[in-house]
Amino acid sequence: ISRGVLTFAQKVSNAMSAGAIAAVIYDNTASSLTVSPWTLGTAANWIPALRITQADGLAIAAMSLPTQATAENSRILSTAYQYLSGTSMACPHVAGAVAFAAWNFPNETMQQRINRILNNADNVSALSEKVINNASLNLVKIVDTDADFLPDWWEMEFFGNLNQGSDQDFDQDGFSHRNEFIAGTSPLVADSKPNFSQFLIDGANYKLAFPTIVERAYQIQSSHDLIDWQNLGIMQSGTGNILEHLDPLPSPPSKRFYRLNIHQE
């Protein structure tokens, strides 16, 4: 479609009204698509729409139409990225770091967040006298200042200090603090652990049940030799309740192992 005197959004809207499932609109001038606006303007249930130059549009229009074509959204990696520097590049990164700190430590003041970011940055000698503290951002250290692979807020919430190790098991349930953090279970309660809560034969099936929490996803796997593991069913999102899975009994009967993989969503 030729752009004409209408806006890009109007041309696409007209194409949709005519029943189009996609639209390719070419410029009405010989420019290199510099005339604005070439946008749809507002969020809506638009069809896929592509803008091209006048030369490309005329070339397509000169073809023997109708014809079939394939449209692909591809990246040219050599031109997809570029190196930029300066405060205009640093500001969004630092703003994101402040938001990241606020999300993890919502009760801290702005000054505390600033101190958390500055005090846990990585010293870079090449930045001496170029930035406020001669360092670059480190998002991991913002959350885990003692570098024990456990977020500071998690340790404070459960233990009131940062003296815990990721391999420790305070409630002696067989799962380390790191396991408990990833699973979203309590490191203080032995019955709260990332494990099956029920395993029994239910008719012609093995019945496996396990507690879940929101913001976690669960995948059951089985194996006959503890080497080759296969997924059973699909990954399930946690609901905060007990989830169950039925696995048909093997025929003939054979030994089978199960494990529960837990992922943070």
Side-chain angles (χ1 to χ4, degrees), residues 21 45 48 68 70-75 77 100 103-104 139-144 146-265:
I21 61 173
N45 189 27
Q68 291 186 342
T70 300
E72 294 185 2
N73 183 16
S74 60
R75 293 190 185 96
L77 295 181
F100 182 64
W103 185 80
N104 279 277
L139 295 182
V140 173
K141 289 172 66 176
I142 288 174
V143 178
D144 182 16
D146 57 348
D148 64 354
F149 303 104
L150 296 172
D152 291 358
W153 59 262
W154 188 85
E155 292 181 87
M156 293 300 298
E157 178 181 336
F158 286 103
F159 302 103
N161 60 68
L162 302 181
N163 301 324
Q164 308 303 312
S166 60
D167 294 331
Q168 291 180 262
D169 181 10
F170 185 88
D171 55 11
Q172 298 296 304
D173 60 1
F175 294 90
S176 69
H177 292 165
R178 178 65 174 166
N179 293 145
E180 301 264 22
F181 162 66
I182 293 175
T185 53
S186 172
L188 305 178
V189 181
D191 289 336
S192 176
K193 54 188 176 182
N195 200 1
F196 294 107
S197 59
Q198 187 180 63
F199 180 82
L200 52 83
I201 294 178
D202 183 10
N205 302 292
Y206 286 125
K207 180 179 179 181
L208 300 94
F210 50 94
T212 67
I213 65 170
V214 295
E215 299 183 352
R216 298 294 190 277
Y218 301 82
Q219 176 69 67
I220 298 178
Q221 296 182 320
S222 69
S223 173
H224 296 288
D225 54 12
L226 293 177
I227 298 175
D228 181 26
W229 291 90
Q230 303 294 325
N231 291 338
L232 297 181
I234 63 173
M235 186 175 294
Q236 303 180 70
S237 294
T239 62
N241 300 312
I242 299 291
L243 292 182
E244 297 180 349
H245 179 84
L246 296 178
D247 186 32
L249 294 170
S251 181
S254 63
K255 184 179 295 185
R256 184 175 294 180
F257 303 92
Y258 294 94
R259 71 181 183 186
L260 184 64
N261 281 346
I262 304 174
H263 306 264
Q264 189 164 8
E265 292 189 318

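FYI, the numbering just counts along the sequence from 1. Predicted, not measured: the structure shown is a model, and the values here were computed from it.
At most 12 non-hydrogen atoms from other residues, nucleotides or ligands lie less than 6.0 angstrom from CD of Glu215. Open room surrounds CD1 on Ile234; 12 or fewer heavy atoms of other groups in view lie less than 6.0 Å from it. No more than 12 heavy atoms of other residues, nucleotides or ligands sit less than 6.0 Å from atom CD1 of Ile21. Counted within 6.0 Å of CZ on Phe199, heavy atoms from surrounding residues, nucleotides or ligands total more than 12; the atom is thus considered enclosed.
Contact detail for Gln168 and Asn163: the closest heavy-atom pair is OE1-O, 3.8 Å. For Asn195 against Phe210, the heavy-atom pair with the smallest separation is O-CB, 3.9 Å. Minimum interatomic distance between Asp171 and Ser192 (heavy atoms only, all atoms of both residues): OD2-O, 4.3 Å. Among all heavy-atom pairs drawn from Glu244 and Ala209, the shortest one is CG-CB, 4.0 Å. When all heavy atoms are compared, the tightest approach of Ser186 to Glu180 is O-OE1, 3.2 Å. Considering every non-hydrogen atom in both Phe100 and Leu139, the closest pair reads CE2-O, 3.4 Å.
The side-chain heavy atoms of Tyr258 and Leu208, taken from C-beta on, include a pair separated by under 4.5 Å. Residues Met156 and Leu162 meet the side-chain proximity criterion, which asks for heavy atoms closer than 4.5 Å. In this structure, the side chains of Tyr206 and Ile201 come closer than 4.5 Å at one or more pairs of heavy atoms. Residues Tyr218 and Ile213 form a side-chain contact, since some pair of their non-hydrogen atoms from C-beta on lies under 4.5 Å apart. His224 is listed as a side-chain neighbour of Arg256, based on a closest heavy-atom distance under 4.5 Å. Contact check for Phe196 versus His245: no side-chain heavy atoms found under the 4.5 Å cut-off. Two residues are said to be in side-chain contact when any heavy atoms from C-beta on lie closer than 4.5 Å; Ile242 and Gln198 fail this criterion. Using a 4.5 Å heavy-atom cutoff, the side chains of Ile220 and Leu260 are in contact.
Checking Ser222 against Gln230 by side-chain atom types alone, no donor-acceptor pair falls below 3.5 Å. Inspection of the Asn261 and Gln221 side chains reveals an N or O donor paired with an N or O acceptor under 3.5 Å.
Taking CD of Glu155 as the reference point, atom CG of Asp144 lies at 7.0 Å (rounded to 0.5 Å). The line from CG of Leu150 to CZ of Arg178 is 7.0 Å long, rounded to the nearest 0.5 Å. Rounding to the nearest 0.5 Å gives a distance of 14.5 Å between CH2 of Trp154 and CG of Asn104. Atom OG of residue Ser223 and atom CZ of residue Phe257 lie 7.0 Å apart, to the nearest 0.5 angstrom. The CG atom of Asp173 sits 10.0 Å away from the CG atom of Leu188 when rounded to the nearest 0.5 Å. Atom-to-atom distance recorded for Ser176:OG and Ile182:CD1 is 7.5 Å, nearest 0.5 angstrom.
When the side-chain hydrogen bond (donor to acceptor under 3.5 Å, both in side chains) test is applied to Asn241, no partner is found at least two apart in sequence or on another chain.
Using a distance-only test at 3.5 Å, with no hydrogens or angles considered, a donor-acceptor pair links the side chain of Gln172 to the main chain of Asp169. The closest donor-acceptor contact from the side chain of Gln219 to the backbone of Leu232 lies under 3.5 Å.
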TODO: I would like to know whether His177 and Phe159 meet ring-ring contact (aromatic ring centres under 6.0 Å, His included); could you show each step before the answer?
DONE: CA-CA 11 Å; His177 292 165; Phe159 302 103; 5.0 Å; yes
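Checked against the 6.0 Å centroid criterion, the rings of Phe170 and Phe158 do not qualify as a close aromatic pair.
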